[in-house]
Amino acid sequence: MNKTIITVVGKDTVGIIAKVCTYLADSGINILDISQTIVSGYFNMMMIVDMSATVKDFNTVADDLDALGQNIGVVIKCQREEIFDSMHRI
């Protein structure tokens, strides 16, 4: 399995989840876990996805999601699971 962590942060607007999930589905990326909250009008979502079935490489997906985030007014970041785990290990 090729796990990646995707975070989405920004002002809440209609369709953020739909647009991100549509991109992932169209790219053959499976969502394994998803959590989202809205606090005082700010949207925060964290997803764990499996990129094993996509033909796109990690950098293409990261760039595409960055551009999508700019279009919808949020910041979308992708991190490989092993890097995310290393950065958040206590």
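Applying the side-chain hydrogen bond (donor to acceptor under 3.5 Å, both in side chains) definition to pairs two or more places apart or across chains, those involving residues 28-50 are D50-S52.
Taking CD of Q79 as the reference point, atom OG1 of T7 lies at 6.5 Å (rounded to 0.5 Å). A distance of 10.5 Å separates CD1 in I76 from NZ in K19, rounded to the nearest 0.5 Å. Summarising the geometry, atom CZ belonging to R80 is positioned 7.5 Å from atom CE belonging to M51; distances are rounded to the nearest 0.5 Å. Atoms NZ and CD1, on K11 and I16 in that order, are 11.0 Å from each other to the nearest 0.5 Å.
Here the closest heavy-atom approach between residue V49 and residue I6 is recorded as CG2-CD1, 3.8 Å. Closest approach of C21 to I31, counting heavy atoms only: SG-CD1, 3.6 Å. When all heavy atoms of Y23 and L68 are compared, the closest pair comes out as CB-CD2, 4.2 Å. Between C78 and A62 the shortest heavy-atom distance is SG-CA, 3.9 Å.
Two residues are said to be in side-chain contact when any heavy atoms from C-beta on lie closer than 4.5 Å; I5 and K77 fail this criterion. Counting only heavy atoms from C-beta outward, the side chains of V9 and F43 never approach each other to under 4.5 Å. Looking at heavy atoms from C-beta onward, D57 lies out of side-chain contact with V61 at the 4.5 angstrom threshold. Side-chain contact between V75 and V8 is absent, with no heavy-atom pair separated by less than 4.5 Å.
There is no path of hydrophobic side-chain contacts, each under 4.5 Å, that joins I17 to I48. I38 and M46 fall into different hydrophobic clusters, where Ile, Leu, Val, Met, Phe, Trp and Tyr residues are linked whenever their side-chain heavy atoms come under 4.5 Å apart, directly or through other members.
Using a distance-only test at 3.5 Å, with no hydrogens or angles considered, no donor-acceptor pair links the side chain of T60 to the main chain of K56. Remark: side-chain polar atoms of T54 are not paired, donor with acceptor, to backbone N or O of G28 under 3.5 angstrom.
Between T22 and the choices V20, D26, L24, the side-chain contact (heavy atoms from CB on, under 4.5 Å) rule is met once, by D26.
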